[in-house]
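Proteins come first, then strands; the chains are lettered A, B, ... in the order of their sequence lines, and each starts at number 1.
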There are 2 protein chains.
Amino acid sequence: MIGREAVQKGRPREFDKEQVLDKALHVFWKRGYEGTSLSDLTEAMGINRPSLYAAFGNKEELFKLALDRYVEKGPGSVHRASLQLPTARAVVESLLTSSATMLTDPSTPPGCLAVQGALSCGEASESIKQALCERRSLGEQQLRQRFERAKNEGDLGPDSDPASLARYVMTVMQGMSVQASGGATRADLLAVVDMALKAWSSSKG
Amino acid sequence: MIGREAVQKGRPREFDKEQVLDKALHVFWKRGYEGTSLSDLTEAMGINRPSLYAAFGNKEELFKLALDRYVEKGPGSVHRASLQLPTARAVVESLLTSSATMLTDPSTPPGCLAVQGALSCGEASESIKQALCERRSLGEQQLRQRFERAKNEGDLGPDSDPASLARYVMTVMQGMSVQASGGATRADLLAVVDMALKAWSSSKG
DNA sequence: ATATATATGTACCGAGCGGTACCGATATAG
DNA sequence: CTATATCGGTACCGCTCGGTACATATATAT
């Protein structure tokens, strides 16, 4: 069997899959999972319902694909870069400032999809809530591992607690997402980052 | 015209209004506004639909009444007490630790209603989102005023920025709400509080 | 007792939900 | 050209949504 890009039979799709997925992502980001209807989606994506189902499965799968794309192309890539900075302090500073910037990017909805998407929801959407929850804790886990490395390298003191440090940084980032959705400006969030970094300076352990 | 508690005509209500309002609050708290259906509500409240509408108006008004009650009887009273402590440092410490405790109270849903209720939503619920947003910023405003007082009293240094300090504390509290809804334990949140307070100690300036 | 006022319960409303059957259109394979 | 496979569009499905009409039950006022 040849690869996926083998010559395809049948009528070719008339839209670009990634392009319309971006449109869907934007709607979910703004409205949340439960707040977004299929009509909202098809209108924004410029395709009709059966095409959506043929290409993406159903609303739930579409959301998860949009979430993957969000993480991959949005904050994920930026955060990955932050994690590779040489010191824990530099990692945190980069993580927080880039978050403040992205959360208030005027070309996207305010806040973070992984927070806005479905903090609480009806029973039917519980699987979505859990997917978002896992994404958030994955980010926290990566940060914790980076801090453990820093501790091993002597960059962080022997009495420091990587898990608590990571949780603190994630908490500030998630709080900033709530702030952004409430209308906080970029300058507002950068002031928060300054405060948060002071906690860092005085507890490198 | 006599007061509200004058002898009432007609068939008396068979349920206690505040009692069933508490039930509704609990459901909204757990499921969010859009995630809660009228059937969820009537089932939890133990009354039927027309009784609900007669007593509380509609779903939206019921939510706002539940929110008022939440603020009044729950975090509102606790936070009010915190604000009256003598120093800004004591205020912040009390605010954060009591938040960590309340957000993980096993007898209530995790997190804060004002954060979980509707961070993002469909167009129809925009009024709810805004009401929650106003509640959050009201709390921030009260805290800022408390810090301004502290600055005037010399408790906070002349170069301190009450608005940024208040926003920082609120950001941590809101982030803790997200953490709680993701399963963070009370100990987890108290560790975050410790970290957050270190920022405080090193920036009273 | 009668009139009035309010509460309850059943049974229903139109609208919108997520999801799909079906058919015509358009591509490749032989 | 024919067969096959996929796409796009219309028109629809059953279900649940928030909200209500209406009849009945239960209290007070006179």
Is there any protein nitrogen or oxygen under 3.5 Å from a nitrogen or oxygen in nucleotides 25-29 of chain C, and what are the pairs?
unit_1: C/dA25; atom_1: N3; unit_2: A/R11; atom_2: NH1; d: 3.0

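One finds a salt bridge joining A/E126 and B/R31 here, because a Lys/Arg side-chain nitrogen approaches an Asp/Glu carboxylate oxygen to under 4.0 Å. Taking 4.0 Å as the cut-off between side-chain N and carboxylate O, A/R80 and A/E72 count as a salt-bridged pair.
Atoms NZ and CG, on B/K151 and B/L165 in that order, are 9.0 Å from each other to the nearest 0.5 Å. Distance check: B/R146 CZ to B/T87 OG1 gives 7.5 Å after rounding to the nearest 0.5 Å. In this structure, the separation between CD on A/E34 and CZ on A/F28 is 11.5 Å, given to the nearest 0.5 Å.
Looking at heavy atoms from C-beta onward, B/V178 lies out of side-chain contact with A/T171 at the 4.5 angstrom threshold. Contact annotation: the side chain of B/I47 never approaches that of B/E14 to less than 4.5 Å [non-hydrogen atoms, C-beta and beyond]. Contact check for A/K59 versus A/F63: no side-chain heavy atoms found under the 4.5 Å cut-off.
The ring pair (Phe, Tyr, Trp, His ring centres under 6.0 Å) check on A/F147 picks up A/W200, with sequence neighbours excluded. A/Y70 pairs by the ring pair (Phe, Tyr, Trp, His ring centres under 6.0 Å) definition with A/W29, not counting sequence neighbours.
The stretch residues 20-44 of chain A does not touch DNA chain D, since none of its heavy atoms comes less than 4.0 Å from the strand. Of the residues in residues 46-67 of chain B, those placing a heavy atom less than 4.0 Å from an atom of DNA chain C are B/N48, B/P50, B/S51, in numerical order.
Nearest approach of B/D155 to B/A88, heavy atoms of both residues: OD2-N, 2.6 Å.
For DNA chain D, the span of nucleotides reached by chain B at under 4.0 Å from its heavy atoms goes, 5' to 3', from D/dC17 to D/dA29.
With a 6.0 Å cutoff to the six-membered ring centre and a 45° limit on the axis angle, A/K17 counts as a cation-pi contact of A/F56.
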